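The structure appears below as structure tokens.
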Protein chains: 2
Amino acid sequence: MKTLGYAILGLLAREELSGYDLKRLMEGRVGYFWQAKHSQIYPELALLEEGGFARHRLVEQSGRPDKKVYGITEAGREALQEWLVEPVEKPPTRDELVLKAYSVWLADPGKAARVFRERQAEHEARLAEYLEIEVWMENNLGESLDDVGSPDFAGYASLRRGIAAEREYAGWCRWISEKLENARSDGELAEGQASGAEER
Amino acid sequence: MKTLGYAILGLLAREELSGYDLKRLMEGRVGYFWQAKHSQIYPELALLEEGGFARHRLVEQSGRPDKKVYGITEAGREALQEWLVEPVEKPPTRDELVLKAYSVWLADPGKAARVFRERQAEHEARLAEYLEIEVWMENNLGESLDDVGSPDFAGYASLRRGIAAEREYAGWCRWISEKLENARSDGELAEGQASGAEER
DNA sequence: GAATACATGTAATGCGTTACATGATTTA
DNA sequence: TAAATCATGTAACGCATTACATGTATTC
């Protein structure tokens with residue numbers, strides 16, 4: 001089974017969901033660490049069912065299309081539990097922004113700074129969102145956030161990774177942006193590969 | 001042009017390289033933020049040449065196979081400079097370990113902790129490597145690390161992102177590992193989804 | 001009247017990895 | 001003598017995205 005299968009099982013282990021529900025979850029909060037389009041979700045659900053890891057029932061609705069609501073099976077839960085404790089390969093990183101940083105010596109510092117500032121703002125916005133959720137969780141879920149057997153704890157743990165990652169990335173963007181912006185005003189190190197100047 | 005093309009151009013802008021050289025760079029240091037196998041590199045080099053962004057000359061060697069040494073063209077440098085200041089889309093994250101964290105409430109805490117500890121060790125090892133390079137750079141490249149027009153600065157900037165990222169990830173792994181390990185000894189919250197116990 | 005939400009699928013395309021293919025030289 | 005390094009390619013496969021496809025009901 002591929003990772004997407006386990007991602008779906010992880011959600012179905014918490015509650016019954018339709019393909020459409022899964023799609024929205026993977027666009028939203030869960031999408032921070034795993035996402036998929038509906039074109040991937042529907043076939044994967046079929047595979048999970050074929051393998052006996054999930055099953056569905058039809059729910060008729062008035063005024064809306066009928067939907068297939070999926071639930072995890074005992075076999076699915078077992079497969080998920082086994083996967084959880086298998087060692088993970090550190091996946092290769094591919095970060096286009098760091099790639100740009102590596103060649104930034106060729107760019108006009110002012111223009112380049114804008115690219116990093118934009119990204120910084122995105123990470124800061126995301127961070128603010130996460131911090132709000134964290135506060136909400138700490139106020140409303142209290143006890144269970146310390147219980148490693150609770151889904152609340154698991155969600156909280158994932159969120160903490162999100163918070164740390166966004167903070168770290170934003171910080172790096174700020175650092176490099178400042179460097180680039182200061183260089184722009186510093187006349188001294190003029191001997192430039194950097195082409196245009198068009199300031200104003 | 002695809003990102004891999006710019007990755008290659010970014011390296012050719014610093015020095016002339018063969019496909020084989022590129023392959024090794026993308027396995028090593030540069031591989032932290034971008035990597036590619038030789039099966040991708042050779043065709044991409046051909047495309048770059050076709051587009052006029054790079055050109056090669058044959059270097060005959062004794063005792064080794066001949067090689068094609070590639071250099072960047074003026075058009076290549078311009079394309080690279082334009083790409084550098086174009087805004088970047090924040091790519092979707094796919095992190096299998098965070099995905100496991102999200103379902104960790106179903107796992108045996110002790111076994112799960114091992115998975116996170118393993119990963120923590122990997123990030124700490126990488127961090128140690130990077131910190132050594134940082135010290136070396138600060139001692140040997142001094143001046144140029146503050147000159148945003150220097151390739152040294154650009155390499156340093158990328159490295160700093162690597163350092164921050166490894167530290168952040170290792171920290172999160174440590175945090176969750178401790179939580180999981182403490183829970184194992186805490187008898188209190190026994191009411192467990194967690195199956196096995198087989199301690200010793 | 002147009003766009004968005006609900007709901008579920010298939011097909012085409014793109015990028016990356018693994019495997020296939022070849023061959024000389026150096027090191028263990 | 002077996003394995004690793006140098007050196008360059010092509011082919012097959014897998015996963016993910018975009019585009020194609022259809023249809024109702026609600027909201028703007």
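Remember, it's a predicted structure, so these values are computed and weren't measured experimentally. Here is the naming used below: chain letters follow the sequence lines, and residue numbers restart at 1 for every chain.
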Whole angstrom value for the distance that separates [atom2] of [N] from [atom1] of [X]:
X: B:Leu17; N: D:dC6; atom1: CG; atom2: P; value: 14 Å
X: B:Arg64; N: D:dT5; atom1: CZ; atom2: P; value: 11 Å
X: B:Glu96; N: D:dA16; atom1: CD; atom2: P; value: 11 Å
X: A:Leu22; N: C:dA7; atom1: CG; atom2: P; value: 12 Å
X: A:Tyr20; N: C:dA7; atom1: OH; atom2: C1'; value: 7 Å
X: A:Met1; N: D:dG14; atom1: CE; atom2: P; value: 17 Å
X: A:Lys2; N: D:dC15; atom1: NZ; atom2: P; value: 5 Å
X: B:Glu44; N: C:dG16; atom1: CD; atom2: P; value: 9 Å

Check: When rounded to the nearest 0.5 angstrom, what is the spacing between CZ in B:Arg29 and CD in B:Glu129?
Finding: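 Those atoms lie 8.5 Å apart.
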Check: If you pin B:Lys37 and A:Tyr42 to their nearest nucleotides in DNA chain C, which one's is more 5'?
Finding: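 First, find each residue's nearest nucleotide; the 5'-ward one identifies A:Tyr42.
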Does [X] place a side-chain N or O at less than 4.0 Å from the phosphate oxygens OP1/OP2 of [N]?
X: B:Arg24; N: D:dC6; value: yes
X: A:Arg94; N: D:dA16; value: no
X: A:Gln40; N: D:dT17; value: yes

Item checked: Any side-chain donor near an acceptor of the partner, A:Gln40 and A:Glu44, under 3.5 Å ->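 Absent: no donor and acceptor within the cut-off.
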Next item on the list: Using a 4.0 Å heavy-atom cut-off across all strands, classify B:Lys68 as base, sugar-phosphate, or nothing.
Entry: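 The residue B:Lys68 makes sugar-phosphate contact but no base contact.
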Check: Which part of the nucleic acid, if any, lies within reach of B:Ser39 when heavy atoms closer than 4.0 Å are counted: base, sugar-phosphate only, or nothing?
Finding: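 If one applies the 4.0 Å heavy-atom cut-off, B:Ser39 turns out to touch a base.
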Notebook entry, point to check: Where the side chain of B:Pro65 is concerned, which of C:dC6, D:dA16, D:dA7 is the nearest nucleotide?
Noted result: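 The closest nucleotide is D:dA7.
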Notebook entry, point to check: Between C:dC6, D:dA16, C:dT17, which nucleotide gets closest to the side-chain atoms of A:Gln61?
Noted result: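 So the side chain of A:Gln61 is nearest to C:dC6.
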Next item on the list: Mind telling me whether A:Phe116 and A:Trp172 have parallel, tilted or perpendicular rings, with 30° and 60° as the class edges?
Entry: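 Perpendicular, since the angle between the ring planes exceeds 60°.
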Checklist line | Donor-acceptor pair, side chain of B:Ser144 and main chain of B:Leu141, under 3.5 angstrom | finding: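 Present.
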Notebook entry, point to check: Where each residue is assigned the nucleotide of DNA chain D containing its nearest heavy atom, which of A:Leu4 and B:His38 is assigned the position nearer the 5′ end?
Noted result: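 Whichever sits nearer the 5' end wins; that is B:His38.
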Notebook entry, point to check: Considering residues, nucleotides and ligands other than B:Gln61, do more than 12 of their heavy atoms fall under 6.0 Å from its CD?
Noted result: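 Yes.
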